[in-house]
Amino acid sequence: MVQAAQTFQVAEGMSLKAALAKAERRNKTRALLLVLPLLVFVSFTFLAPIAQMMFRSIDNPVVAGVFSETLIVLEDWDPSGAPTPPEKAYETLAAELARGYKNRTVGRAATRLNYSQGGMRSLITKTARKISRVQVGPFMEGRWKDKFLEIDKDWGDREVWATIKYSGDRYTAEFFLKALDLGYDWDKSVTAEPENRQLYFLTGFDSVWWRTFWISALVTALCVLLGYPVAYLLANLPLRISNLLMILVLLPFWTSLLVRTTAWIVVLQTEGVLNDVMMFMGIIDERIQLIFNRFGVVIAMTHILLPFMILPIYSVMKTIPPSYERAARSLGATPWTAFWKVYFPQSLSGIGAGGLLVFILALGYYITPALVGGPTDQLVSYFIADHTNRSLNWGLASSLGAFLLAGVLAVYVLYDKLVGIDNMKLG
Amino acid sequence: MIKLLVYALLLVILIVSVRASIKGLRNLPTYVGWLGRTWFVSFRVICAAILVFLITPILVIIPLSFNAEPYFTYPMPGFSLRWYEDFFVGEKSEVWHLAIKNSVIIAIFATLLATFLGTVAAVGLSNSRLPFKTFLMGFLISPMIVPLVITAVGMKFFYTTVGITPNQLSAISENLHLVPIILAHAALGTPFVVITVTATLVSFDHSLTRAAASLGADGVRTFFKVTVPLVMPGMISGALFAFITSFDEVVIVLFLAGAPEYTIPRQMFSGIREQISPTILAVATILVVLSILLLTTLEMLRRRNERMRGMTPQ
């Protein structure tokens with residue numbers, strides 16, 4: 001009787017419940033400790049760089065640093081009121097331009113201002129060069145504005161000063177706007193860029209974002225179209241034969257991306273193998289351009305990504321019992337109905353897994369379009385690389401990267417919801 | 001003559017695929033009508049065409065790497081090993097040798113790092129008690145998903161900020177200049193190891209580790225003596241993925257490497273950019289042979305794994 005009221009106890013006099021909880025906790029801690037080294041490693045080598053890059057897309061230190069005093073003066077100036085700021089602003093800017101010219105920081109500020117407004121680079125560098133030669137003294141009092149206007153009459157322009165004012169914000173959304181072909185007007189309202197500077201979004205079907213999306217979508221569709229029959233064949237042949245044919249899928253999968261891209265250049269170029277074959281067979285009379293255009297990019301990307309489509313569809317199809325389709329047939333379904341109503345729905349998860357994976361990989365493609373595409377076939381990755389290495393507009397590179405990353409992560413989340421990251425299979 | 005050859009080749013492919021399907025035709029049930037039979041044959045011909053599309057580009061470049069002339073067209077005027085000579089002993093071969101050396105060093109260290117960290121983490125991830133499991137898994141897989149350009153640009157800036165660029169490190173010691181690329185490639189390789197090892201751990205019997213613990217083995221000993229041998233196939237295939245990823249990776253190298261950090265993909269990339277020389281095709285052929293070796297290793301591993309689990313291939 002007394003014993004029944006007692007709780008179970010383990011050796012150290014702890015209740016069983018507490019002991020279990022302790023063991024569970026230890027188990028949990030051990031699992032966490034095992035994951036921790038990789039977590040720290042990936043956080044440092046991978047997450048931190050990307051986080052810093054994302055920060056760079058709003059970070060805007062250059063103008064704020066070089067023209068700090070001018071910006072303080074400009075705080076009191078409302079661009080929608082007087083067309084030009086007071087004399088004090090000209091005087092301060094003259095001092096800062098001269099200083100920046102001497103310690104060579106003005107070039108960076110000029111470049112940065114040029115991202116906001118075309119023509120600013122030459123205006124700033126020219127003015128800095130000339131203003132640094134002007135004797136400073138009490139006799140210049142009140143004459144700085146005239147001096148600026150003498151150097152360039154654009155200094156009487158509301159837009160020039162407004163550009164300096166809003167480009168001086170320490171943090172800015174301007175790079176995100178630029179990634180969509182937008183920008184600030186003089187009153188800091190959002191407007192479209194002039195048409196000759198549009199590239200990413202507003203030019204419609206030619207724009208970089210639209211191009212990236214639809215080439216990826218087209219490649220994904222082609223991969224489904226080509227991958228599904230092959231996966232079906234491989235899944236339904238006797239294992240001995242399908243293992244042999246699988247080599248034809250796995251060898252490209254394991255072959256270097258650069259090797260495959262090289263192969264396509266050799267095959268597709270104007271003096272290349274495919275043109276030769278088509279000439280000999282009389283399909284074409286003149287050699288045609290197959291590479292350094294959209295066609296080459298789509299063909300090469302489809303070829304490179306096709307194994308990523310075939311393998312997931314194949315592994316799903318392997319789990320579909322063939323008896324289902326036979327049962328449908330025996331119940332009077334036509335072969336097409338049996339396939340479409342019974343087999344196909346069961347293979348959909350494979351198409352989902354392969355399709356999303358191919359789409360994610362295609363969105364970020366860089367090397368293949370860079371090597372087999374023409375200038376108008378480059379995807380957004382190319383522009384990120386270009387702004388990082390050549391034009392050095394790191395803010396724009398980062399904001400393009402942020403949008404691309406957001407797109408990819410959205411598809412990744414979708415993948416997790418539909419397929420589950422745990423179900424990701426390789427080879 | 002050549003026209004004939006091309007036609008003959010296409011004919012052979014057609015005949016082989018039709019023959020193969022006719023063999024299958026005999027096994028079709030008798031109720032399949034002529035329409036079904038026609039479809040059966042044409043389906044297989046379509047599949048054969050797709051498989052030809054997959055494999056031909058790779059096969060086409062192999063003979064061309066033995067071309068006596070620096071052109072990429074058939075028929076080849078003669079057979080020669082001069083492009084391989086170029087690669088192994090020619091004037092510019094030193095750069096290639098340096099590239100091989102760097103590529104191998106980077107790939108080996110990145111693979112070791114990725115395999116170690118990935119395996120340990122996979123053991124933790126397959127524990128059902130782990131909190132935020134899905135989130136952690138999603139995060140640890142993400143290096144595979146994030147576009148390489150973003151990773152590369154981010155690393156370029158970040159590694160400069162914290163002072164681990166090839167230049168800064170080689171100022172400390174000459175041997176350290178490859179470290180940034182090794183770290184980056186290891187980060188890229190870990191998702192493959194995590195995926196393959198967690199896949200092997202799904203069928204892992206956890207009572208085995210408990211048995212080891214009840215027999216007095218501590219955690220480390222259990223890990224190395226019980227867990228590791230059992231997840232070995234997953235580890236090896238993950239390691240192979242990590243190795244090939246690093247060995248083939250060019251985007252990150254383009255951004256992180258300084259002038260002396262040549263690698264094979266980087267050399268190929270710049271070679272293709274300028275003007276494809278047949279030497280590139282010779283290198284490509286060598287890489288294809290390498291991937292055939294890798295594929296064979298993986299296939300043997302897979303068979304061994306199936307045998308060990310008692311699933312014999314039919």
Side-chain angles (χ1 to χ4, degrees), chain A residues 24 27-28 31 34-35 37-38 41-42 45-46 48-50 52-53 226 229-230 233 239 248-252 254-260 262-267 271-273 276-277 280-281 306 335 360 364 366-367 371 381 384-385 388 397 401 404-405 408 412 416 421-422 424 426-427, chain B residues 2-3 6 36 46-47 50-51 54-55 57-58 60-61 72-74 117-118 120-121 123-125 127 129-131 136-138 140-141 143 145-150 153-155 157-158 183-184 187 190 192 195-196 241 248 250-251 265 268-269 272 276 280 284 287-288 291 294-295 313-314:
Chain A
E24 292 266 290
N27 203 348
K28 214 174 180 177
L34 285 170
V35 179
L38 182 59
F41 180 75
V42 173
T45 56
F46 174 77
I50 289 177
Q52 195 204 26
M53 182 182 173
L226 298 178
V230 172
L233 183 78
L239 205 58
L248 300 182
V249 178
L250 288 177
L251 184 60
W254 280 97
T255 303
S256 159
L257 175 84
L258 283 164
V259 170
R260 284 186 282 167
T262 313
W264 277 110
I265 296 174
V266 169
V267 170
E271 300 296 320
V273 179
D276 280 352
V277 172
F280 284 131
M281 289 174 64
L306 191 50
I360 288 178
Y366 170 55
I367 293 293
L371 291 176
S381 287
I384 297 174
T388 306
L404 177 62
L405 188 64
V408 165
Y412 186 43
D416 184 38
I421 294 164
D422 311 0
M424 196 179 274
L426 298 165
Chain B
I2 302 131
K3 200 168 173 176
V6 173
I46 292 170
C47 286
I50 299 169
L51 288 172
L54 263 174
I55 202 76
I58 297 170
V60 158
I61 57 167
F72 305 120
T73 46
Y74 290 99
L117 290 170
V120 173
V123 173
L125 280 168
N127 189 329
R129 302 264 187 276
L130 182 74
L136 283 174
M137 186 81 176
L140 293 176
I141 302 278
I145 296 298
V146 172
L148 275 172
V149 167
I150 295 181
V153 171
M155 284 174 171
F157 290 131
F158 182 73
L183 290 178
T190 49
F192 297 103
I195 290 175
T196 53
F241 268 107
D248 189 24
V250 63
V251 182
M268 283 188 77
F269 182 79
I272 300 168
I276 296 193
I280 301 272
L287 288 179
V288 171
S291 44
L294 270 171
L295 184 60
Q314 295 131 12

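Residue numbering restarts at 1 for every chain, and letters A, B, ... go by the order of the sequence lines.
- Going from atom CG of A:Leu34 over to atom CG of B:Asn127 covers 8.0 Å, rounded to the nearest 0.5 Å.
- The greatest number of non-hydrogen atom pairs below 4.5 Å with chain B, out of A:Pro49, A:Gly364, A:Pro37, is found for A:Pro49.
- Looking at B:Leu54, the atoms closer than 4.5 Å to chain A (heavy atoms on both sides) sit in the backbone and in the side chain alike.
- A search for ring-ring contact (aromatic ring centres under 6.0 Å, His included) contacts involving A:Tyr412 returns nothing, not counting sequence neighbours.
- The contact between A:Leu306 and chain B is made entirely by side chain atoms (from C-beta outward), counting heavy-atom distances below 4.5 Å.
- To the nearest 0.5 Å, atoms CG (A:Leu248) and CD1 (B:Ile55) are separated by 5.0 Å.
- Here the CD1 atom belonging to A:Ile384 is positioned 11.5 Å from the CG atom belonging to B:Leu148, to the nearest 0.5 angstrom.
- Looking at every heavy atom in both residues, B:Ala121 comes nearest to A:Val35 through O-CG2, 3.7 Å.
- Proximity to chain B involves both the backbone and the side chain of A:Leu226, based on heavy atoms less than 4.5 angstrom apart.
- Residue A:Arg260 holds its CZ atom at 13.0 Å from CD1 of A:Ile367, rounded to the nearest 0.5 Å.
- Taking chain A as the reference chain and counting heavy-atom pairs below 4.5 Å, the highest number among B:Ile280, B:Val123, B:Val146, B:Leu125 is found for B:Val146.
- Ranked by heavy-atom pairs shorter than 4.5 Å toward chain A, the options B:Val153, B:Asp248, B:Leu51 are led by B:Asp248.
- For a residue to count as touching a neighbouring chain, one of its non-hydrogen atoms must lie under 4.5 Å from one of that chain's; by this rule B:Ile145 touches chain A with backbone and side chain alike.
- Residue contact with chain A, scored on non-hydrogen atoms closer than 4.5 Å, involves the backbone and the side chain of B:Ala187 alike.
- Looking at B:Leu140, the atoms closer than 4.5 Å to chain A (heavy atoms on both sides) all sit in the side chain, from C-beta outward.
- Heavy-atom distances place the side chain of B:Val60, and not its backbone, under 4.5 Å from chain A.
- For the set B:Ala284, B:Ala184, B:Pro143, the entry with the most heavy-atom pairs within less than 4.5 Å of chain A is B:Pro143.
- B:Phe192 and B:Phe241 have parallel rings, their planes meeting at less than 30° on a 0 to 90° scale where 60° marks the start of perpendicular.
- When heavy atoms are compared at a cutoff of 4.5 Å, B:Val250 approaches chain A solely by way of its side chain, counted from C-beta outward.
- Looking at B:Leu136, the atoms closer than 4.5 Å to chain A (heavy atoms on both sides) all sit in the side chain, from C-beta outward.
- Side-chain contact between B:Leu183 and A:Phe41: present, with at least one pair of heavy atoms (C-beta onward) separated by less than 4.5 Å.
- Of the two parts of A:Val267, only the side chain, counted from C-beta on, holds a non-hydrogen atom closer than 4.5 Å to a non-hydrogen atom of chain B.
- If you take CG on A:Leu371 and CD1 on B:Ile276, they are separated by 8.0 Å, rounding to the nearest 0.5 Å.
- Counting heavy-atom pairs closer than 4.5 Å to chain A, the top-ranked of the candidates B:Ile50, B:Leu294, B:Ile58 is B:Ile50.
- Using a 4.5 Å cut-off between heavy atoms, A:Asp276 touches chain B through its side chain atoms alone.
- Only the side chain of B:Leu287 comes within less than 4.5 Å of a heavy atom in chain A; its backbone stays farther off.
- Interatomic distance, B:Thr190 OG1 to A:Phe46 CZ, rounded to the nearest 0.5 Å: 9.0 Å.
- Contact annotation for B:Ile61: only side-chain heavy atoms (C-beta onward) come within less than 4.5 Å of a heavy atom of chain A.
- Across all their heavy atoms, A:Val408 and B:Pro147 have their closest contact at CG2-CG, 3.7 Å.
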